[in-house]
Amino acid sequence: MKVAVCVKVVPSGGDYRLLETGKRLDRSTPGEMNPADLYAVEEALQIAAGTDGVETAMISMVSEGCTEALRLGLSMGIGRAVAIVDPLLEGSDLVATSKVLARAVQRETPDLILFGGQSAEGRGGMLWAAVAERLGMPAVAGVNSMTLRDGEILASQRTANGATFVAAPLPCIVSVLGSAHEPRYPSFRDVLAAKRKVIELLSVADIGLRPEDCGDEGSRTCVVGLLDRPRRQGGAAIFSGDRAVLSLYEYLVNRGLA
Amino acid sequence: MSTSPLVFVELVDGEPSPGSLGLLAVASQLAPSVAAVVCGSGAARAAGLLREYGSETTWHCEDPALDPAFGQPFVAAVAWLVLEHSLTTILFENSTLAAHVAGGLAARLDAGVNWDLESVSLSEDGLRGVAFGLDDTVAVECTWRSPLQLAVFRRGACMPVAKPVTGRICAFEPDLGQCARGLRVTERRDDPDLGGGLQSAEVIVAGGRGLRDRTALRLLEDLADALGGTVAVSLPLVDRGWYPAGRQVGQTGKTVKPRLYVACGISGALAHRVGMDASETIVAINTDAAAPILNVAHAAAIGDLHEIVPALTEEIRAHRSR
């Protein structure tokens, strides 16, 4: 059995910079694995630990120079990684990205495909649904805990008033939304071992797509530009130390909230 | 706009979500005539209500396969409507189900999807949207390059506006496809709520992972009491069984928009923030000055909530009794 986890690399620690054109995020920094995706990695490892002969892999569409960020997942215990790296991919939206990932997933023929929740910088949380549609595979959303039993995934979804428990046949796609298992911290030994694991690099041509399937041309949305009116200027008023409580109290009083 | 924009109406406990009704008001700014689709158990009854908010044409389908636990039959149903009626614009309010439907439609119908939208407008070149990106630090103007345009609004962005019309209500029976075959619900569990009112509360004191133990919730209840508010929690505390699921704020819980939201020991994962970041004033109490919650907070006290929360409660009460 094979479990694949689709992950994204995002700028580290929420340090977002826009390229000079102002329309795209600068993805040239090494970045880190999207924090929400670590929960999906952890679920994959939990399933692998509970079943004999489970192979694990990560799949990521990633900018050149960001592939090393995938070592975190490898050091947590994922067997290997597949990275689709190609300048043609730049500017791909959901339609284009889902095409790329669906092809990469198909090539791996996994029995179970996991996605994390929303990415830290994009907060779309729709990619898994688009990939499921392209692969014609059943999909379960917003799963907070799951187990594999008798060739079926048993999962629970949180709802506004409780929980729904569902069963899904394999192969299927699951989007994981935290929090049944906290992502593990790799030990120093795991980190060293991960350095020897393989990150396979694939181009757009390698997965059988044409240049017009991805990037700007393959996309169905575009950014017109930035507007000069951010919702927030960034930066909260910070109160710390001995006067923190009093300052916070005054802050609330000044706004008529206390 | 050549055809009516379609609003995807989501049912929560059999009622159209407030955001879905708000989308009808947004859609009516785009075109003289607005349509809505509502699917699942209770859809026919809800369809009547949508006329009170401006839906001129309401399609409803109660096929039992349309269970909100699974999005794919909804994708099939809405895709059927799009093709049957040559629809060009669909509006959603973000939720787990809406994300599934919009993402699925994007792939199935090769349609552009913009999300996290605050507003849309019609320009000479067609539909344009405004979204706040990168933790709200930039406002982005975006557009579509496909015949079908999918617009997913941020939760809490659209408020319902009553606008009674004498609209048409039509049942439809789409082919729901095979995709979701084999998926089944094995059990549903509803936690008893602590009396509801979360969504209408003016002040919410919320607790998260940073709470040491169950008894710390008492500290939050005291602060909520002093502020005239109520208590909510993030997902981990529901998972730990410390508080009922009905009190959860976030992607899989409630969306709230109080005057004041005090986030205690909540790191601010996106799944939580989408449920509360439209609050008027957000205050964080956290040991970690680098926690993502500070990116949406207006003010933050850095320190141990187990000390700050009771001290703040005391401060408020002391001044009040004076």
Side-chain angles (χ1 to χ4, degrees), chain A residues 14 16 36 93-95 98 117-118 120-121 123-127 129-130 133-134 136 138-142 144 157-169 177-180 220-227 229-232 234 236-240 244-245 248-249 251 255 257-258, chain B residues 12 69 71 96 99-100 102-104 106-108 110-116 132 134 136-146 179-180 182-191 227 235-236 239 245-246 252-254 260 270-271 281 294 297-303 308 311-312 315-316:
Chain A
Y16 308 129
D93 74 348
L94 181 82
V95 164
S98 62
Q118 292 154 313
E121 89 297 23
R123 44 186 277 170
M126 284 180 277
L127 189 56
E133 182 68 31
R134 293 199 187 281
V140 182
N144 69 319
Q157 302 170 306
R158 278 285 167 209
T159 63
N161 291 313
T164 303
F165 297 83
V166 304
L177 205 75
S179 55
R220 300 293 174 262
T221 54
C222 69
V223 171
V224 179
L226 294 186
L227 299 174
R229 50 182 174 99
R231 178 183 163 111
R232 294 182 336 117
I238 304 279
F239 310 121
S240 59
V245 172
L248 180 55
Y249 172 71
Y251 177 91
R255 281 159 185 75
L257 295 166
Chain B
V12 177
T96 302
H100 196 164
R108 183 180 289 207
D110 200 32
V113 48
N114 282 305
W115 61 88
D116 235 9
F132 290 99
L134 308 182
D136 285 354
T137 54
V138 295
V140 179
E141 197 179 13
C142 49
T143 186
W144 287 259
R145 297 198 299 211
S146 50
C179 220
L183 293 174
R184 61 184 201 280
V185 171
T186 55
E187 190 192 344
R188 283 178 212 275
R189 215 177 280 161
D190 274 351
D191 292 359
L227 289 167
L235 180 60
D239 282 342
T252 54
K254 302 272 193 311
L260 173 64
L270 261 170
T281 299
L294 268 77
H298 301 89
I302 306 303
I308 293 179
L312 182 61
E315 197 66 39
I316 294 166

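Numbered from 1 within each chain, the chains take letters A, B, ... in sequence-line order.
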Under the salt bridge (charged side-chain N to carboxylate O under 4.0 Å, His left out) test, which residues partner B/Arg184, sequence neighbours left out? A/Glu152
Taking every non-hydrogen atom, the tightest pair across [X] and [Y]:
| X | Y | answer |
| --- | --- | --- |
| B/Ala107 | A/Ala130 | CB-O, 3.4 Å |
| B/Leu294 | A/Ala236 | O-CB, 4.0 Å |
| A/Arg220 | B/Ala111 | CB-C, 4.0 Å |
| B/Ala102 | A/Met126 | CB-SD, 3.8 Å |

My understanding is that only one of B/Leu183, B/Thr186, B/Val185 makes a side chain to side chain contact (heavy atoms under 4.5 Å, CB included) with A/Val166; could you say which?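 Only match with A/Val166 under side chain to side chain contact (heavy atoms under 4.5 Å, CB included): B/Val185.
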At a heavy-atom separation under 4.5 Å, does A/Tyr249 approach chain B through its side chain, its backbone, both, or neither? both
Whatever's closer than 4.5 Å to a heavy atom in chain B on A/Leu94 counts as side chain
Option in A/Ala168, A/Ala129, A/Ser240 with maximal non-hydrogen atom pairs under 4.5 Å from chain B: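 Of the options given, most contacts go to A/Ala129.
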Could you check which of A/Ala258, A/Ala167, A/Pro169 has the highest count of heavy-atom pairs closer than 4.5 Å to chain B?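 The residue among A/Ala258, A/Ala167, A/Pro169 with the greatest pair count is A/Ala167.
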Supply the atom-to-atom distance [X] [atom1] to [Y] [atom2], rounded to the nearest 0.5 angstrom.
| X | Y | atom1 | atom2 | answer |
| --- | --- | --- | --- | --- |
| A/Leu248 | B/Ile316 | CG | CD1 | 8.0 Å |
| A/Asp93 | B/Cys142 | CG | SG | 11.0 Å |
| B/His100 | A/Glu133 | NE2 | CD | 7.5 Å |

Is there side-chain contact between A/Asn144 and B/Thr252, with heavy atoms separated by less than 4.5 Å?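 No; the side chains remain at least 4.5 Å from each other.
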Please rank [options] by heavy-atom pairs under 4.5 Å with chain A and give me the top one.
| options | value |
| --- | --- |
| B/Gly253, B/Gly303, B/Ala301, B/Gly71 | B/Ala301 |
| B/Ser146, B/Ala99, B/Ala299 | B/Ala299 |
| B/Leu227, B/Val12, B/Val140 | B/Val140 |
| B/Arg188, B/Glu187, B/Arg108 | B/Glu187 |
| B/Thr143, B/Val113, B/Ile302, B/Leu260 | B/Thr143 |

I would like to know whether A/Val95 and B/Asp110 meet side chain to side chain contact (heavy atoms under 4.5 Å, CB included); could you show each step before the answer? CA-CA 7 Å; A/Val95 164; B/Asp110 200 32; 3.3 Å; yes
Should A/Arg158 and B/Thr96 be marked as a side chain to side chain contact (heavy atoms under 4.5 Å, CB included) after you check the CA-CA gap, both sets of side-chain angles, and the distance that decides it? CA-CA 10 Å; A/Arg158 278 285 167 209; B/Thr96 302; over 6 Å; no
